[in-house]
Amino acid sequence: KAGVTQTPRYLIKTRGQQVTLSCSPISGHRSVSWYQQTPGQGLQFLFEYFSETQRNKGNFPGRFSGRQFSNSRSEMNVSTLELGDSALYLCASSLGQGAMTKNIQYFGAGTRLSVL
Amino acid sequence: AQSVTQPDIHITVSEGASLELRCNYSYGATPYLFWYVQSPGQGLQLLLKYFSGDTLVQGIKGFEAEFKRSQSSFNLRKPSVHWSDAAEYFCAVGSNYGGSQGNLIFGKGTKLSVKP
């Protein structure tokens, strides 16, 4: 079974631009979560989508948004990029329902975003 | 609020020596606890998890962790470290609060270096 796939792996953008990152979950998984990883703040939860609905959201500004499609693929968008948005963005997928014991999060390799 | 503390930012051990990485959590209910490992430029790989039951859990690559409720700890151990274990290790706590199961709170990580 294929794992979580994130595209692209690397991105370079300039301040003020916007960017869209993509995540394809493991087949059969309906929950997709996004995390931001930086050296200073570590791993921080951005948001979770389940069945095309945002189910939970972290403490990030409205410039960060996401969506999920009917096939469970998810995208996240960052508008008006700032230097501080440079980070590794990780996507994780899980079944999303049922017993918590069955809802292990499996991570993709991430998208490395550099904002110049 | 939920939180995870990994007191050691960087640990160096000799190959073949034993290893213990510390993790303390703050959570009001029964926590779901995880250890993930991240190699440079990669995503997170699940090493092991604790949901309930036996407080000593076994994981992949010869790792184990012990849940101690009285100390709010979930320390990771390995009896004999291999050079390939050099990576960054993250402890995380999860919940199913409000039906959302896709929100993990991570510690800041412990970077493990292995001396030959």
Side-chain angles (χ1 to χ4, degrees), chain A residues 3-7 9-10 23 25-26 29-51 53-60 66 68 72 74 88-112, chain B residues 1-10 23-25 27 29-54 57 59-60 65 67 87-111:
Chain A
V4 179
T5 303
Q6 292 188 244
T7 56
R9 288 295 311 275
Y10 303 93
C23 174
I26 292 171
H29 285 188
R30 294 170 63 191
S31 169
V32 172
S33 296
W34 289 88
Y35 296 83
Q36 182 195 63
Q37 185 178 24
T38 60
Q41 299 300 315
L43 280 152
Q44 293 183 287
F45 171 74
L46 279 157
F47 28 65
E48 181 205 5
Y49 285 86
F50 175 75
S51 290
T53 301
Q54 188 180 88
R55 189 157 71 170
N56 200 352
K57 188 177 189 301
N59 188 24
F60 278 82
Q68 187 179 34
S72 295
S74 177
L88 180 66
Y89 289 89
L90 291 164
C91 161
S93 79
S94 67
L95 289 171
Q97 61 181 355
M100 183 69 184
T101 53
K102 296 188 183 300
N103 278 282
I104 309 303
Q105 289 193 40
Y106 296 92
F107 284 79
T111 295
R112 173 75 62 184
Chain B
Q2 303 167 46
S3 66
V4 177
T5 302
Q6 294 180 247
D8 304 305
I9 297 173
H10 191 186
C23 172
N24 293 99
Y25 67 90
Y27 188 67
T30 301
Y32 302 112
L33 295 162
F34 307 84
W35 276 99
Y36 284 86
V37 60
Q38 185 179 36
S39 298
Q42 299 300 313
L44 301 174
Q45 181 183 22
L46 179 69
L47 284 176
L48 47 77
K49 58 193 181 293
Y50 171 79
F51 291 118
S52 64
D54 194 349
V57 294
I60 62 171
F67 170 63
E88 192 155 18
Y89 292 79
F90 294 92
C91 180
V93 63
S95 75
N96 59 354
Y97 176 76
S100 169
Q101 301 178 5
N103 173 11
L104 291 175
I105 308 290
F106 285 90
K108 294 289 180 128
T110 298
K111 185 174 181 181

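Note that the coordinates shown come from a computational prediction; the quantities given were computed from them, not determined experimentally. A note on names: the letters A, B, ... follow the listed sequences, proteins ahead of strands, and every chain is numbered from 1.
For Q44(A), no part lies under 4.5 angstrom from a heavy atom of chain B. Looking at L88(A), the atoms closer than 4.5 Å to chain B (heavy atoms on both sides) all sit in the side chain, from C-beta outward. Heavy-atom distances place the side chain of L90(A), and not its backbone, under 4.5 Å from chain B. Only the side chain of Q38(B) has a heavy atom closer than 4.5 Å to any heavy atom of chain A. Heavy atoms of L44(B) lying under 4.5 Å from chain A belong to its backbone as well as its side chain. For a residue to count as touching a neighbouring chain, one of its non-hydrogen atoms must lie under 4.5 Å from one of that chain's; by this rule R9(A) touches chain B with the side chain only.
Using a 4.5 Å heavy-atom cutoff, the side chains of Y27(B) and I105(B) are not in contact. Side-chain contact between I104(A) and F34(B) is present, with heavy atoms from C-beta onward closer than 4.5 Å.
Ring orientation note: the planes of F106(B) and Y36(B) are tilted relative to one another, at an angle of 30° to 60°. The aromatic rings of Y50(B) and F67(B) lie parallel to each other, with less than 30° between the two planes, well short of the 60° mark.
For the residue pair A109(A) and Q6(A), the shortest heavy atom distance occurs at N-OE1, 3.9 Å.
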